[in-house]
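Right, one structure below, let's go through it.
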Amino acid sequence: MADAAVSKEGLFIPLIDFSKFANGTPEERQQTAKAILSGFQGAGFIYLKNHPITPDILKHAFSMSANFFRQPMDDKLSVCWTTPEANRGYSAPGREKVSQLMDIGDVSKVRDAAPDLKESYEIGREGESGHPNQWPTEQGEGMAGFKTDMLGFFDQCKAMHIEVMRAIAVGMGLDEGFFDGYLDVGDNTLRLLHYPEVSAEVFAKNPNQVRAGEHSDYGSITLLFQDDRGGLQVRSPTGQFVDATPIPGTVVVNAGDLLARWSNDTIKSTIHRVVEPPHKGGPTHPPRYSIAYFCNPNFKSHIEAIPGTFATEAEKKYEGINSGDYLVQRLTATY
């Protein structure tokens, strides 16, 4: 039985030592893979400790993220997010509204009532034809090396994505490399997130106000690196939202909608949100930073139910779908 990172309201999110899969004995690799799969099947979320992205690398990535968000607004807007197809660049506070809604008009109404209190910056794989990354100038304070460092971090997260998917494959009794051919291009998104300092009064005046609205993620898995502020919540089987409290040295990993679909719903893509953090005294909440790496199958991939998740064709819950088309559809309703 894995240790609990979260255990409340029927929600059990395991805390798993990932080094036992990366470097363990065959038996340890098998046990760890099963624990990872079980976590995704039960909660849709896991915490991984002893993962390959070192504390020094993470600390530097968070530092560079903070340096970017400290730049003047005009500089940030010069690398503004453009289209769902590109999904690259800067989004100012209030532009994005994450939700489960698919209608653009419905999203606009919710955004106007309680806009998400965050700004973000998206980086895709470098060199995608027609969709260049929007790189900021490196003349601002602390910005030297920003592009090189962010691309290096992107590649480290890409490698970890492949390893987690290999663990899922082993847990499902598939060949370890089952997913490799779906992931090699690296059609993923590195998102730097900044939730600005905010008065507690903002939340008191509007009970619906959140830092990021309740939603599921769209792709295969998400690697989420949190600071220590808190505010992430995951919906439990009882319908209550439960705090996913930061644990130093861990990465939170959650399954996305495409992986749920790919697994014929044997893996869960669970609703989550970012709300007012726990009170730590004072009338103002300090800023919160997080880094999310949204992992996807290659955009050209055709996604069908994984062998072993259905006995007959009639048990397939979804038609096959192109990965890139699905993600653009979801992003179009978000912005």
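Note that this is a predicted model, so its numbers are computed, not measured.
Minimum interatomic distance between G140 and Q71 (heavy atoms only, all atoms of both residues): CA-OE1, 3.4 Å. Among all heavy-atom pairs drawn from L224 and V251, the shortest one is O-CG2, 3.5 Å. Here the closest non-hydrogen pair linking M64 and A144 is CE-O, 3.7 Å. The minimum heavy-atom distance linking A292 with T222 is given by the pair CB-CG2, 4.2 Å. Taking every heavy atom of both residues into account, S269 and A255 meet most closely at OG-O, 3.4 Å. Closest of all the heavy-atom pairs between G231 and P278 is N-CD, 4.2 Å.
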- Check the pair R88 / Q134 against side-chain hydrogen bond (donor to acceptor under 3.5 Å, both in side chains), numbers first and verdict last. CA-CA 6 Å; R88 288 159 166 82; Q134 306 292 319; over 6 Å; no
- Tell me, with the steps shown, if N264 and T266 meet side-chain hydrogen bond (donor to acceptor under 3.5 Å, both in side chains). CA-CA 6 Å; N264 208 35; T266 58; over 6 Å; no
- Query: Would D217 and H272 count as a side-chain hydrogen bond (donor to acceptor under 3.5 Å, both in side chains) if you check the C-alpha gap in whole Å, the side-chain angles of each, and the deciding distance to 0.1 Å?
  - Reply: CA-CA 9 Å; D217 291 347; H272 51 285; 3.3 Å; yes
- Does the pair T270 and N254 meet the rule for a side chain to side chain contact (heavy atoms under 4.5 Å, CB included), with working shown? CA-CA 8 Å; T270 305; N254 63 284; over 6 Å; no
- Check the pair F21, I16 against side chain to side chain contact (heavy atoms under 4.5 Å, CB included), reporting the backbone distance first and the verdict last. CA-CA 10 Å; F21 180 78; I16 298 168; over 6 Å; no
- Query: Between E9 and T238, does a side-chain hydrogen bond (donor to acceptor under 3.5 Å, both in side chains) hold up when you go through it step by step?
  - Reply: CA-CA 6 Å; E9 293 288 336; T238 67; 2.8 Å; yes
- Task: Give the intermediate values and the outcome of side chain to side chain contact (heavy atoms under 4.5 Å, CB included) for residues Y121 and H194.
- Result: CA-CA 9 Å; Y121 174 73; H194 172 223; over 6 Å; no
- Query: Run the side chain to side chain contact (heavy atoms under 4.5 Å, CB included) check on F18 and N50 step by step: do they pass?
  - Reply: CA-CA 6 Å; F18 194 58; N50 298 325; 5.6 Å; no
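The CE atom of M172 lies 6.0 Å from the OG atom of S263; values are rounded to the nearest 0.5 Å. Once rounded to the nearest 0.5 Å, the distance linking CD of Q226 with CG of L232 reads 5.0 Å. Interatomic distance, CG of L259 versus CG of N296, reported as 11.0 Å (0.5 Å rounding). Rounding to the nearest 0.5 Å places NE2 of H161 at 14.0 Å from CG of D155. To the nearest 0.5 Å, atoms CG (N133) and NZ (K147) are separated by 8.0 Å. In this structure, I247 CD1 and L48 CG are separated by 11.0 Å, a value rounded to the nearest 0.5 Å.
When atom types are taken as modelled, the side chain of N322 and the backbone of G324 share a donor-acceptor pair closer than 3.5 angstrom. Using modelled atom types, no side-chain atom of S290 and backbone atom of L193 make a donor-acceptor pair closer than 3.5 Å. K158 contributes a side-chain N or O that, together with a main-chain N or O of D184, makes up a donor-acceptor pair within less than 3.5 Å. Side chain of E138 to backbone of F146: a donor-acceptor contact under 3.5 angstrom is found. In this structure, T332 contributes its side chain and V328 its backbone to a donor-acceptor pair below 3.5 Å. Within the 3.5 Å criterion, the main-chain N or O of G145 finds no donor-acceptor partner in the side chain of T148. Between the side chain of R261 and the main chain of K317, no donor-acceptor pair closer than 3.5 Å is present. Put simply, the side chain of S236 never gets that close to the backbone of G10: no donor and acceptor are under 3.5 Å apart. Looking at K49, its side chain never comes within 3.5 Å of a backbone N or O of D17 through a donor-acceptor pair. Here the side chain of R166 pairs no donor or acceptor atom with the backbone of F179 at under 3.5 angstrom.
Residues passing the ring pair (Phe, Tyr, Trp, His ring centres under 6.0 Å) test with F40, sequence neighbours excluded: none.
More than 12 heavy atoms of other residues, nucleotides or ligands shown are found within 6.0 angstrom of NZ on K316. Atom CD of E315 is surrounded by more than 12 heavy atoms from other residues, nucleotides or ligands within 6.0 Å.
With V6 as the partner, the side chain to side chain contact (heavy atoms under 4.5 Å, CB included) test is satisfied by one option alone out of I13, V234, V252: I13. Shown are F310, Y182, Y318, F178; of these, the ring-ring contact (aromatic ring centres under 6.0 Å, His included) with W262 is made only by Y182.
If you chain together hydrophobic residues whose side chains sit under 4.5 Å apart, V79 and L331 fall into the same group. A chain of hydrophobic side-chain contacts below 4.5 Å, direct or via other Ile, Leu, Val, Met, Phe, Trp or Tyr residues, connects L192 to I53. In the hydrophobic clustering of ILVMFWY residues, with side-chain heavy atoms under 4.5 Å counting as a link, L327 and F294 come out apart.
Ring centers of F153 and F225: under 6.0 Å apart, within the cut-off.
Looking at E85 and H131, their side chains never bring a donor and an acceptor atom within 3.5 Å of each other.
Between C157 and N188 there is no side-chain heavy-atom pair separated by less than 4.5 Å. Side-chain atoms of D116 and V210, non-hydrogen and from C-beta on, do get closer than 4.5 Å to each other. I168 has its side chain out of reach of L174: every pair of non-hydrogen atoms, C-beta onward, lies at least 4.5 Å apart. Counting heavy atoms from C-beta outward, N67 and E141 have side chains that stay 4.5 Å or more apart. You'll find the side chain of Q156 stays beyond 4.5 Å of the side chain of Y293, heavy atoms only. Using a 4.5 Å heavy-atom cutoff, the side chains of V185 and F299 are not in contact. Considering only heavy atoms from C-beta on, M143 stays 4.5 Å or farther from D75 through its side chain. Side-chain contact check for I321 versus L258: some heavy-atom pair is nearer than 4.5 Å.
Cation-pi check for R229 over Y195 is not met; the charged atom does not lie both under 6.0 angstrom from the ring centroid and within 45 degrees of its normal.
Residues L117, V198, F203 make up the rest of the hydrophobic cluster containing V202, defined by ILVMFWY side-chain heavy atoms closer than 4.5 Å, directly or through other members.
Ring geometry for F69 versus Y289: interplanar angle of 30 to 60°, hence tilted.
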